[in-house]
There are 2 protein chains.
Amino acid sequence: MVEDDVQEQLVKIGAKMRKDYSDALRDINIHVGQDRALCQLWKEDGITQVQLSERISCEPPTVSNMVKKLEDYGLVQRSRDKHDARISRVYLTERGREIQAPVSEIWNKQQEKLLQGIQQDELFLVRRILQQMLQNLT
Amino acid sequence: MVEDDVQEQLVKIGAKMRKDYSDALRDINIHVGQDRALCQLWKEDGITQVQLSERISCEPPTVSNMVKKLEDYGLVQRSRDKHDARISRVYLTERGREIQAPVSEIWNKQQEKLLQGIQQDELFLVRRILQQMLQNLT
DNA sequence: CGAAAATCATTAGCAAGCTAATCTTAGCAA
DNA sequence: TTGCTAAGATTAGCTTGCTAATGATTTTCG
């Protein structure tokens with residue numbers, strides 16, 4: 001009963017994942033997309049907005065708006081760089097650090113669901129091919 | 001150099017595909033997402049908005065707004081059902097039918113790019129597994 | 001028959017994510 | 001030094017897509 005082409009499958013999976021993920025994140029009061037920014041800050045706290053936009057592959061205005069929301073929610077704090085007044089650095093607050101665990105749990109739970117019944121060797125191959133696709137798009 | 005987990009790969013591929021696709025569709029003056037509605041109408045002209053929302057897997061308010069835009073652009077036309085005044089049916093206009101070819105071309109070109117260097121048997125396996133993932137999410 | 005429930009659509013309000021345009025500050029060169 | 005250019009951030013304005021609430025019709029059931 002496979003009818004769609006690969007692209008269609010990817011679009012559907014992407015939409016469904018985003019939807020489910022969004023629903024789960026709602027319980028901890030953040031929006032899908034914001035988790036990617038937070039995830040990067042958990043690795044590199046205090047980076048600039050331009051750096052953040054590069055890391056999570058989106059445009060500077062998107063980051064600007066998102067960080068503003070995150071600041072409203074009390075998860076991050078912006079502060080001007082001492083040596084370069086153009087630069088705004090983004091720092092996690094205590095609460096911003098605290099939600100790392102619940103976000104990880106949601107992420108892992110979703111991945112587990114996604115991979116049900118898929119063999120290890122199949123998974124390996126799929127990852128290799130997805131990696132190839134990603135390169136093709138670059 | 002494969003570091004990300006599958007979920008991360010899928011998110012990245014999804015985002016990049018959407019971005020590239022969006023850029024390409026801009027040339028013919030439609031937005032990403034709208035193509036899915038149009039694509040369905042090319043198969044089933046004159047369906048209701050609820051039916052359309054089911055077919056393209058999104059919520060009725062999303063369709064309501066999108067169809068309004070598409071009507072502004074002159075690609076579709078809404079009209080009230082004769083026998084049931086609650087129902088609004090969506091019909092393609094001449095222009096709506098005309099852009100099927102360019103949209104298909106963009107879609108196919110993108111798929112070709114996505115699948116570069118991937119063998120037929122690999123592709124077959126990937127599609128099977130993606131199908132499984134889609135079922136897992138349902 | 002007539003009220004309650006179900007169905008379809010819409011509106012209001014939110015956030016992601018984009019492009020184009022603008023503002024501020026820093027760096028560089030004449 | 002002064003003016004031009006580059007870099008970082010923001011604002012304005014757009015569409016997707018969502019949820020919650022509302023409006024309009026139709027169906028169903030007492």
Side-chain angles (χ1 to χ4, degrees), chain A residues 11-12 14-38 46-73 75-76 78-90, chain B residues 11-12 14-38 46-73 75-76 78-90:
Chain A
V11 168
K12 284 185 179 172
K16 192 73 176 68
M17 272 175 50
R18 190 178 171 92
K19 181 82 186 332
D20 290 352
Y21 196 53
S22 175
D23 288 342
L25 291 180
R26 190 172 304 123
D27 295 339
I28 54 172
N29 293 306
I30 68 171
H31 287 84
V32 63
Q34 295 177 340
D35 64 296
R36 289 180 63 76
L38 291 171
I47 57 179
T48 70
Q49 298 196 60
V50 160
Q51 289 172 332
L52 187 51
S53 73
E54 287 163 352
R55 305 285 199 280
I56 65 176
S57 302
C58 69
E59 300 302 314
T62 301
V63 167
S64 185
N65 286 324
M66 194 158 65
V67 168
K68 200 189 297 169
K69 301 285 174 191
L70 288 172
E71 196 167 33
D72 291 345
Y73 301 162
L75 299 175
V76 305
R78 277 179 297 191
S79 80
R80 230 68 207 185
D81 187 283
K82 281 270 165 75
H83 307 298
D84 188 337
R86 291 170 303 183
I87 295 176
S88 167
R89 294 190 176 276
V90 186
Chain B
V11 169
K12 283 186 180 173
K16 192 72 175 70
M17 271 175 50
R18 191 179 170 90
K19 182 82 185 335
D20 289 353
Y21 197 52
S22 175
D23 288 342
L25 290 181
R26 190 172 304 121
D27 295 338
I28 54 172
N29 295 306
I30 68 172
H31 287 83
V32 63
Q34 296 177 337
D35 64 296
R36 288 180 62 76
L38 290 170
I47 58 179
T48 72
Q49 296 196 64
V50 161
Q51 289 172 332
L52 188 51
S53 74
E54 287 164 353
R55 304 287 198 279
I56 65 176
S57 301
C58 69
E59 300 303 315
T62 301
V63 167
S64 185
N65 286 324
M66 195 182 332
V67 168
K68 200 191 295 171
K69 301 286 175 191
L70 289 172
E71 195 168 34
D72 290 345
Y73 301 163
L75 298 176
V76 306
R78 277 179 296 192
S79 79
R80 229 70 208 184
D81 187 282
K82 281 269 164 75
H83 308 297
D84 189 338
R86 292 171 301 184
I87 295 176
S88 166
R89 294 189 175 276
V90 186

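Just so we're on the same page: letters track the sequence lines, and every chain starts at 1.
Among the heavy atoms of the strands lying under 4.0 Å from Arg78(A) are primed sugar atoms or P, OP1, OP2 only; no base atom is included. Contact annotation for Thr62(A): base contact, defined as any heavy-atom pair under 4.0 Å involving a base atom. Heavy atoms of Val32(A) sit under 4.0 angstrom from primed sugar atoms or phosphate atoms, though from no base atom. Nucleic acid contact for Thr48(A): sugar-phosphate only, since backbone atoms but no base atoms lie under 4.0 Å from a heavy atom of the residue.
Rounding to whole angstrom units, NZ of residue Lys19(B) and P of dA16(C) are separated by 18 Å. Going from atom CD of Glu59(B) over to atom C1' of dT10(C) covers 14 Å, rounded to whole Å. The nearest whole Å value for the distance from the NZ atom in Lys68(A) to the C1' atom in dG17(C) is 14 Å. Atom CD1 in Ile30(A) sits roughly 13 Å away from atom P in dA15(C) (whole-Å rounding). Atom CD of Gln49(A) is separated from atom P of dG17(C) by 15 Å (rounded to the nearest Å). Taking atom CZ of residue Arg26(A) and atom P of nucleotide dA15(C), one finds them 12 Å apart after rounding to whole Å. The distance from atom NE2 of His31(A) to atom C1' of dG13(C) is 11 Å, rounded to the nearest whole Å. The separation between Asn29(A) atom CG and dC14(C) atom P is 15 Å, rounded to whole Å.
Side chains of Leu38(A) and Val76(A) form a contact here, defined as non-hydrogen atoms less than 4.5 Å apart. Inter-residue side-chain proximity for Tyr73(B) and Lys68(B) is flagged as unmet; no heavy-atom pair is nearer than 4.5 Å.
Side chain of Ser64(B) to backbone of Pro61(B): no donor-acceptor contact under 3.5 angstrom is found. Under a 3.5 Å cut-off, the side chain of Glu71(B) and the backbone N or O of Arg78(B) do form a donor-acceptor pair. Between the side chain of Asp35(A) and the main chain of Gly33(A), a donor-acceptor pair closer than 3.5 Å is present.
Side-chain atoms of Asp23(B) lie closest to dT19(C) of the nucleotides dT11(C), dA15(C), dT19(C).
Comparing Asp84(B) and Asn65(A) along DNA chain D, the residue whose closest nucleotide (by nearest heavy atom) sits nearer the 5' end is Asn65(A). Comparing Pro61(A) and Ala85(A) against DNA chain C, the residue whose closest nucleotide sits nearer the 5' end is Pro61(A). Of the residues near DNA chain C, Pro60(B) and Ile56(A), the one whose nearest nucleotide (by heavy atom distance) lies more toward the 5' end is Pro60(B). The residue among His83(B) and Met66(B) whose nearest nucleotide of DNA chain D is located toward the 5' end is Met66(B).
Contacts classified as salt bridge (Lys or Arg N to Asp or Glu O under 4.0 Å) and involving residues 46-58 of chain B (residues at least two apart or in different chains) are given here: Glu44(B)-Arg55(B).
Remark: Tyr21(B) is not in phosphate contact with dC18(C), judged by side-chain N or O atoms under 4.0 Å from OP1 or OP2. Note on Gln34(A): a side-chain N or O is less than 4.0 Å away from OP1 or OP2 of dA16(C).
Extent of DNA chain D lying under 4.0 Å from chain A heavy atoms, first and last nucleotide in 5' to 3' order, is dA6(D) to dT19(D).
Tested against Arg89(B) for a side-chain hydrogen bond (donor to acceptor under 3.5 Å, both in side chains), the candidates Asp84(B), Asp81(B), Thr48(B) yield a single pass: Asp81(B).
Ion pairing between a basic and an acidic side chain is recognised when a charged N comes within 4.0 Å of a carboxylate O; Lys69(B) and Asp72(B) show no such pairing.
The base of dT24(C) has none of its N or O atoms less than 3.5 Å from a complementary donor or acceptor on the side chain of Arg86(A).
Both distances falling under 3.5 Å, in either a Watson-Crick or a G-U wobble arrangement, place dA30(C) opposite dT1(D).
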